[in-house]
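Notes follow the structure.
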Amino acid sequence: MAPPEKAGHRPVVMAASRLELNLVRLLCRCEAMAAEKRDPDEWRLEKYVGALEDMLQALKTQVSKPASEVINEYSRKVDFLKGMLQAEKLTSSSEKALANQFLAPGRVPTTARERVPATKTVHLQSRARYTGEMRSELLGMDTAKEPGLDVRKRTGVAGQVDEKQSAAELDLVLQRHQNLQEKLAEEMLGLARSLKTNTLAAQSVIKKDNQTLSHSLKMADQNLEKLKTESERLEQHTQKSVNWLLWAMLIIVCFIFISMILFIRIMPKLK
């Protein structure tokens, strides 16, 4: 009966490894598509990322699933691709840059041929692209609508001076924007630290309260045991005292009865 048991366990392992292999292949395909320049109407990458989420959930429920570090890395890359697609749907380039800044790319390459994780490369490319779009918006460079007008504006010495001033103003705006982002990040970090401190303090108070409650419960149990013992002793003592009183009363009644009989017999003789 041993061979059938081995044959019964083998398909589970093969299914789990095949699912992980398919997930890695689709993940490499999505990373390659994200690194390429795509049309706005491109829909395949979004569908592929949705399929990645389903495969990842199925992989987490497998009996012979990979290590938790590997699954966390897969989740990190899938979340990055999903966040990148959501950032591309935003209207303003500044919003895209801000959303892209909070994305966390993968830390480990997907395949052995990669020296740097592909998601990190995609993150740097999208960051540079959104920065260029912000620069174009702030400089008023609308090359898609009026390319000839932009060329005429930058002809001559006056145009070069305006371009330098605009570049300086752009650098100042970008610097302010970066400082604002750093300030927001510091505030968020401070809030996280404050929340962690409050959580630890609350945990300490709850731990002390639990210790006090446990001590009170122990004392209550001890007092209950002592009360039971004293109640038993009092009950025994009460029973003993009642027995002695009953015997004493019986003896007194018998003595009185005998005395009355003797008194009745003696009294007629005296007469």
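Only this structure's heavy atoms are used, side chains among them; waters, hydrogens and symmetry mates stay out. Counting from 1, the numbers follow the sequence of the chain as shown. Everything numeric here is computed off the predicted structure, so don't read it as measured data.
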Interatomic spacing from CG in Leu195 to CE in Met188 - rounded to 0.5 Å: 12.0 Å
Test side chain to side chain contact (heavy atoms under 4.5 Å, CB included) on Gln57 and Asp54 and set out the steps. CA-CA 5 Å; Gln57 292 297 329; Asp54 297 338; 5.7 Å; no
Report the distance from atom CG of Leu227 to atom CG of Leu234, rounding to the nearest 0.5 Å. 10.5 Å
Applying side chain to side chain donor-acceptor pair (under 3.5 Å), which residue pairs with at least one partner in residues 180-189 are found, sequence neighbours left out? Gln101-Gln181, His177-Gln181
So which heavy atom on Ala99 is nearest to which on Ala87, and how close? CB-CB, 3.9 Å
Provide the closest heavy-atom pair for Leu27 versus Lys77 in the form atom of the first, atom of the second, distance. CD2-CD, 3.7 Å
Using modelled atom types only, decide if a donor and an acceptor are shared between the side chain of Ser75 and the backbone of Ile71 within a distance under 3.5 Å. yes
The reported gap from CD in Glu46 to CG in Leu81 (rounded to nearest 0.5 angstrom) is 12.0 Å
If hydrophobic clusters are built by linking Ile, Leu, Val, Met, Phe, Trp and Tyr wherever their side-chain heavy atoms come under 4.5 Å apart, do Val205 and Leu213 end up in the same one? no
Do Leu45 and Glu88 pass the side chain to side chain contact (heavy atoms under 4.5 Å, CB included) test, and can you show the C-alpha distance, the side-chain angles, and the key distance before you say yes or no? CA-CA 12 Å; Leu45 182 57; Glu88 290 179 354; 5.7 Å; no
Side chain to side chain, Lys82 and Leu85, heavy atoms closer than 4.5 Å: no
Qualifying salt bridge (Lys or Arg N to Asp or Glu O under 4.0 Å) pairs with a residue from residues 208-230, counting only residues at least two apart or across chains: Glu230-Arg233
What heavy-atom pair brings Glu53 and Val78 nearest, and what distance separates the two atoms? CG-CG1, 3.7 Å
Is it true that Leu52 and Val108 fall in one hydrophobic cluster, defined by side-chain heavy atoms closer than 4.5 Å? no
Side chain to side chain contact (heavy atoms under 4.5 Å, CB included) between Met219 and His215: does it pass, once the steps are laid out? CA-CA 6 Å; Met219 293 296 296; His215 181 68; 3.8 Å; yes
In this structure, CG of Leu103 is separated from CZ of Arg76 (nearest 0.5 Å) by 10.5 Å
Which residue pairs pass the ring-ring contact (aromatic ring centres under 6.0 Å, His included) test with at least one member in residues 66-98, sequence neighbours excluded? Phe80-His123
If you look at every heavy atom in Met55 and Leu19, which pair is closest and at what distance? CE-O, 3.9 Å
Here the pair of heavy atoms bringing Gln125 nearest to Ala35 is OE1-O, 3.3 Å
CG-CG distance between Asn72 and Asp79, expressed to the nearest 0.5 angstrom: 10.5 Å
How many angstroms lie between atom OG1 of Thr61 and atom CG of Leu56, to the nearest 0.5 angstrom? 10.0 Å
